[in-house]
Amino acid sequence: MPTTVLVTGGAGFIGSHTCVDLLEHGYEVVVVDNYTNSSPAALDRVQKIAGRPLVGYVADLRDRHALDGVFERHAIDAVIHFAAKKAVGESMEIPIDYYDINLAGTTSLLRSMHAHGVHQIVFSSSCSIYGDAVRVPLTEDDQARPTNPYARSKWICEQILRDACERYPEISAIALRYFNPIGAHPSGQLGEVPTGVPNNVVPYLMQVAVGRLEKLSVFGSDYATPDGTAVRDYIHVLDVVAGHRVAMEHLEDESGMRVFNLGTGVGTSVLQLVSALSVACGKALPYQLADRRPGDVATLVADPQRVERAWGWQATRDLADMCRDAWRFQRLNPAGYLGGI
Ligand code: NAD
Ligand code: WQD
């Protein structure tokens, strides 16, 4: 079983929640993050919540020299690789940056792992690789048909991992295809704090709720869905985190590449999400219908059975839990982590 875990992108939304969980379960945690979409304050909060220290490095994953230094200083047993850029719309604007950061970050990490005899990796993949779904729910065997550079970068990373596993039988890689992680740590001290104007719908709505943004633009109201707005499978970030720990604990079961969806199997439209968050905040969150966002698809809902059959993992929290926790964090931290700890 791994005892020292390198978490790339550990200051980010999912990474920071994962670090708390790993520390609480007795792992030693080493983080590499360049803070392009996060801040060191997240790691301060992680350590405060968990009551244990971690070791953080400020470095870009593409900096092999810096990465090698981390592997030389710590006896890393396994890697959880979160660090990436992740906004669909932005990836249509700056595709080359997306390929550079997401692909070169991953190959740099794999090279450094290989050079230091580290063979176990859990990789953050994404439901976006399925593209415009022909049918839902989506199983892992459904064809990948990414519709934007972000999704394509994740799909290519999966192929890179597959090829690496093919060549080096000692590697054990698990790609987790998360659907839409939202919510926050129930302490209200850790949540989603993107830099700049949020791209994702929940952090955007949370800033509407505290008056930092005026209203949500609902991207597309003419999709072939019950209310015309796009449907997603929102999943509590702590369920995603639990999925990572379970995956890590099963890395040693077999070598090679395995792929699992992490979703709930429940679809929610943008308008249903606005309503649920409005209930959680106790006020109607303003929105306006707008054009579709380039690169978006109508419906993405997981078939979560493979991971349940393999490891007994399933999501345990519902949309009301996700909204309550997201709002608690935003209410207590209206300016993100700027208020200190
Ligand atoms: P995030 O942006 O909050 O976290 C990513 C972290 O990686 C940030 O702290 C950022 O500063 C860091 N980072 C980015 N580029 C880096 C680089 N080159 N070197 C070092 N650090 C770098 O995102 P998140 O929501 O926590 O997502 C984590 C992972 O999960 C990403 O790979 C994302 O693609 C994937 N994912 C996210 C979602 C989602 O909806 N949040 C869904 C599916 C998959
Ligand atoms: C959700 C819905 C938008 C913003 C992508 C990836 C997924 C995961 C999350 C990483 C969509 C609508 C959004 C807004 C809106 N991440 N929306 N107004 O694009 O579903 O998922 O990011 O992998 O894997 O595919 O997430 O939160 O951006 O959007 O109406 O201001 O909300 O069109 O239907 P998305 P999102």
Side-chain angles (χ1 to χ4, degrees), residues 7-18 31-40 42-43 57-63 66-67 80-91 97-98 100-102 104-106 108-109 123-131 146-148 150-151 153-154 157 175-182 191-195 197-205 207-208 213 215-221 223 225 229-235 237 240-241 244 262-263 268-271 273-274 287-300 302:
V7 182
T8 76
F13 172 45
I14 307 171
S16 58
H17 289 78
T18 302
V31 167
V32 172
D33 200 303
N34 64 358
Y35 301 130
T36 46
N37 198 34
S38 57
S39 78
L43 295 185
Y57 290 94
V58 190
D60 190 305
L61 273 197
R62 293 164 294 178
D63 180 349
L67 262 190
I80 304 184
H81 176 30
F82 291 109
K85 286 188 79 65
K86 61 155 184 177
V88 167
E90 184 186 52
S91 80
D97 299 62
Y98 267 67
D100 184 26
I101 293 163
N102 293 3
T106 300
S108 166
L109 174 65
F123 171 67
S124 297
S125 189
S126 166
C127 65
S128 58
I129 65 155
Y130 293 114
T147 58
N148 56 70
Y150 164 69
S153 75
K154 288 286 167 182
C157 284
L176 298 177
R177 295 176 178 167
Y178 336 139
F179 279 64
N180 285 56
I182 61 168
E192 186 164 9
V193 187
T195 52
V197 177
N199 290 297
N200 291 114
V201 66
V202 170
Y204 196 102
L205 275 166
Q207 293 199 12
V208 171
L213 292 167
K215 60 185 161 193
L216 178 78
S217 290
V218 175
F219 296 144
S221 53
Y223 285 111
T225 59
T229 65
V231 168
R232 296 289 182 269
D233 183 340
Y234 296 97
I235 174 170
V237 63
V240 173
V241 164
H244 281 76
L262 287 188
T268 302
S269 74
V270 179
L271 291 183
L273 179 68
V274 173
Y287 66 86
Q288 65 184 10
L289 301 181
D291 289 344
R292 292 181 181 194
R293 182 172 63 178
D296 265 355
V297 298
T299 304
L300 287 169

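Atoms within each ligand, like the ligands themselves, are counted from 1 in listed order. The basis for the numbers below is simple: all heavy atoms, side chains too, and nothing from hydrogens, waters or symmetry mates.
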Got the closest protein heavy atom to [atom], with its distance?
atom	result
atom 32 (O) of ligand 2	Val201 CB, 3.5 Å
atom 5 (C) of ligand 2	Val88 CG2, 3.9 Å
atom 30 (O) of ligand 2	Phe219 N, 2.8 Å
atom 12 (C) of ligand 2	Val270 CG2, 3.9 Å
atom 5 (C) of ligand 1	Ala84 O, 3.9 Å
atom 26 (O) of ligand 1	Ile14 N, 2.8 Å
atom 43 (C) of ligand 1	Tyr178 CD1, 3.3 Å
atom 29 (C) of ligand 1	Phe82 O, 3.2 Å
atom 16 (C) of ligand 1	Asn34 OD1, 3.4 Å
atom 39 (C) of ligand 1	Pro181 CD, 3.4 Å
atom 28 (O) of ligand 2	Arg293 NH2, 2.9 Å
atom 3 (O) of ligand 1	Phe13 N, 2.8 Å
atom 25 (O) of ligand 2	Ser128 CB, 3.1 Å

Just jot down the ligand 2 atoms closer than 4.0 angstrom to any heavy atom of [X], in number order.
X	result
Val218	30 (O)
Arg232	11 (C), 20 (O), 34 (O), 35 (P)
Ala230	34 (O)
Cys127	7 (C), 24 (O)
Ser126	7 (C), 10 (C), 23 (O), 24 (O)
Asp296	3 (C), 19 (O), 33 (O)
Asn199	4 (C), 28 (O)

Minimum heavy-atom distance between [X] and [Y], given as atom pair plus value:
X	Y	value
Ala11	Ser39	CB-O, 3.9 Å
Ser91	Tyr150	OG-N, 3.0 Å
Val270	Thr229	N-OG1, 3.3 Å
Leu300	Gly131	CD2-O, 3.6 Å

Sub-3.5 Å N/O-N/O distance, [X] and ligand 1:
X	result
Thr36	yes
Cys127	no
Leu61	yes
Gly12	yes
Asn200	no
Asp60	yes

Examine the proximity of ligand 1 to [X] and report which part, side chain or backbone, both or neither, has a heavy atom under 4.0 Å away.
X	answer
Tyr35	backbone
Arg177	neither
Asp33	both
Pro194	neither

- Item | Exceeds 12 heavy-atom contacts within 6.0 angstrom, atom OH of Tyr287 | no
- Query: Would you say Asp97 has more than 12 foreign heavy atoms packed within less than 6.0 Å of its CG?
  - Reply: yes
Taking heavy atoms and a distance under 4.0 Å, where does [X] meet ligand 2: side chain, backbone, both or neither?
X	answer
Phe179	backbone
Asn200	both
Tyr234	side chain
Asn180	side chain

- Message: Under 3.5 Å between any N/O of Ser217 and any N/O of ligand 2: does that happen in this structure?
- Response: yes
- ligand 2 and Leu216, any nitrogen or oxygen pair closer than 3.5 angstrom? no
- Message: Are His244 and Tyr178 an aromatic pair, judged by ring center distance below 6.0 Å?
- Response: yes
- Consider only side-chain N and O atoms of Glu90 and Tyr98, and report whether a donor and an acceptor are under 3.5 Å apart. yes
- Query: Which option out of Tyr178, Tyr130, Tyr150 puts a heavy atom nearest to atom 16 (N) of ligand 2?
  - Reply: Tyr150
- Query: Between the candidates Lys86, Glu192, His17, Arg232, which shows the shortest non-hydrogen contact distance to atom 25 (O) of ligand 1?
  - Reply: Lys86
- Message: In the structure I gave you, are the side-chain heavy atoms of Phe13 and Val237 within less than 4.5 Å of one another anywhere?
- Response: yes
